[in-house]
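Within every chain, numbering begins at 1; the chains are lettered A, B, ... in the order of the sequence lines, protein sequences first and strands thereafter. Source: prediction; values computed, not measured.
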Amino acid sequence: MRKTTHFTPLPQAFFARDTLRVARELLGCFVVRRRGSEQLVARIVETEAYHGDEPACHAHANFQRVRRGEAPRGRSAVLFGAPGTAYVYFNYGMYWLFNVVTEPEGTPGAVLVRAVEPVFGIERMRELRPHAQRDRDLGNGPGKLALALDIGPAFNEHALYAPGELFLARGDRAVAAREIVAGPRIGISKARDLPWRFHVRGNEHVSGR
DNA sequence: ACGAGGATGCTCT
DNA sequence: GAGCATCCTCGTG
């Protein structure tokens with residue numbers, strides 16, 4: 001367990017790269033959520049990549065439009081914007097899902113944070129997720145971690161590369177390439193064949209089984 | 001253990 | 001009106 005409580009945000013350039021690469025390299029990084037004087041911190045253990053070229057991405061239809069010379073519109077216009085900004089959207093009428101925009105500005109892409117391992121502020125996370133029986137239930141799913149870290153619609157388009165109420169920071173231990181498992185993304189019906197979900201092998205806080 | 005089904009509202013066609 | 005990048009509860013075995 002890390003002892004320090006000071007965290008430095010990942011630079012914007014980290015996110016302005018290939019979405020698959022960012023999705024892999026975010027494993028082991030910290031989500032830092034500052035609420036007044038307290039800090040909630042969690043290690044990312046599962047991600048999914050979404051790129052505008054591919055139909056499961058929310059920005060797919062918009063990307064076609066942009067290529068015809070029209071402007072992007074609606075919810076997914078955020079994905080064309082500055083890398084390292086948050087894309088927080090409402091799903092199934094009940095849950096907020098937390099993504100980070102990737103690729104250079106103008107190219108749509110994002111990484112969905114699917115599971116985290118709590119590091120600091122576990123007591124508060126339990127209050128924010130009263131249904132959790134065990135620590136591993138606090139963040140082992142995208143809807144759950146948004147609740148545990150108090151990430152809601154106010155953070156849509158928030159800059160995650162600057163210190164503030166929500167940002168991402170380098171982790172305390174590197175995740176080796178051989179520890180990363182790639183597989184199909186969860187809960188989608190299109191482009192199911194792409195192995196664009198990544199998680200830390202054997203980690204107890206990963207979603208699903 | 002595992003699977004089915006309900007809750008609930010936004011987005012896009 | 002259909003389809004969701006989900007979670008929880010309640011059956012059954």
Do A:V181 and A:V200 touch side chain to side chain, with heavy atoms closer than 4.5 Å? no

Quick one: is C:dC4 close enough that its OP1 or OP2 comes under 4.0 Å of any side-chain N or O from A:S189? yes

Once you round it to whole Å, what is the distance between P of C:dC4 and CG of A:N99? 17 Å

Quickly work out the A:R65 CZ to B:dT13 C1' distance and round it to whole Å. 11 Å

So what does A:R185 hit on the nucleic acid, given a heavy-atom distance under 4.0 Å: a base, only sugar-phosphate, or nothing? nothing

Contact check, residues 47-59 of chain A vs DNA chain C, heavy-atom distance under 4.0 Å, returns A:Y50, A:A56, A:H58

Tell me whether A:Q133 at atom CD has more than 12 heavy atoms from other residues, nucleotides or ligands lying less than 6.0 Å away. no

For A:N62 against A:S76, the heavy-atom pair lying closest together: ND2-OG, 3.0 Å

Taken to the nearest 0.5 Å, the spacing of A:F14 CZ from A:L168 CG works out to 8.5 Å

Expressed as a whole number of angstroms, how long is the span from A:N140:CG to C:dA5:P? 20 Å

How many angstroms lie between NZ in A:K190 and CZ in A:R185, if you round to the nearest 0.5 Å? 11.0 Å

CZ of A:F90 versus P of B:dT11: gap in Å, rounded? 10 Å

Nearest-Å distance for atom pair NZ/C1', residues A:K190 and B:dT13: 11 Å

Given C:dA5, B:dT8, C:dC7, identify the nucleotide with an atom nearest to the side chain of A:L112. C:dA5

Are the side chains of A:V66 and A:F80 in contact, using a 4.5 Å heavy-atom criterion? yes

Going by heavy atoms in the side chains, are A:E25 and A:R17 under 4.5 Å from each other? yes

Let me know the distance between CD of A:Q133 and P of B:dA1, rounded to the nearest Å. 14 Å

Under 4.0 angstrom, heavy atoms only, what part of the nucleic acid is A:G143 near: base, sugar-phosphate, or nothing? sugar-phosphate

DNA chain C in dot-bracket, Watson-Crick or G-U pairs under 3.5 Å, [ ] crossing, | other strand? ||||.|||||||.

Decide if atom CZ of A:R73 counts as having more than 12 heavy atoms of other residues, nucleotides or ligands within a radius under 6.0 Å. no

Nearest to the A:R75 side chain among B:dC10, B:dT11, C:dT6, which nucleotide is it? B:dT11

So which one's nearest nucleotide on DNA chain C is more toward 5', A:D137 or A:F98? A:F98

Ignoring hydrogens and geometry, is there a side-chain-to-backbone donor-acceptor pair from A:E117 to A:A42 under 3.5 Å? no

For the backbone of A:R33 and the side chain of A:E165, can you confirm whether one donor and one acceptor N or O come within less than 3.5 Å of each other? no

Taking any heavy-atom pair under 4.0 Å as a contact, classify A:R73: base, sugar-phosphate, or nothing. nothing

Rounded to whole Å, please give me the gap between CD1 in A:I188 and P in C:dA2. 22 Å

Residue pair A:L26 / A:T47: nearest heavy atoms and the distance that separates them: CB-CG2, 4.3 Å

Would you indicate, yes or no, if C:dC8 has its OP1 or OP2 atom less than 4.0 angstrom from a side-chain nitrogen or oxygen of A:R129? yes

Return the stacking result for C:dT6 and A:Y95: yes when the ring centres lie under 5.5 Å apart and the planes under 30°, no otherwise. no

Kindly point out which of B:dC10, C:dC7, B:dA7 is positioned nearest to the side chain of A:M94? B:dA7

Provide, to the nearest angstrom, the distance between the CH2 atom belonging to A:W96 and the C1' atom belonging to B:dC10. 9 Å

SG of A:C29 to CZ of A:R170: how many Å apart, nearest 0.5 Å? 6.5 Å

Minimum side-chain heavy-atom gap A:W196-A:E48 below 4.5 Å: no

Where the side chain of A:S76 is concerned, which of C:dC7, C:dA5, B:dC12 is the nearest nucleotide? B:dC12

How do A:I186 and A:H131 order along DNA chain C: which one's closest nucleotide is nearer the 5' end? A:I186

Interface with DNA chain C, restricted to residues 15-23 of chain A and to heavy atoms under 4.0 Å: none

Just to confirm, is there a sub-4.0 Å distance from OP1 or OP2 of C:dT6 to any side-chain nitrogen or oxygen of A:R114? yes

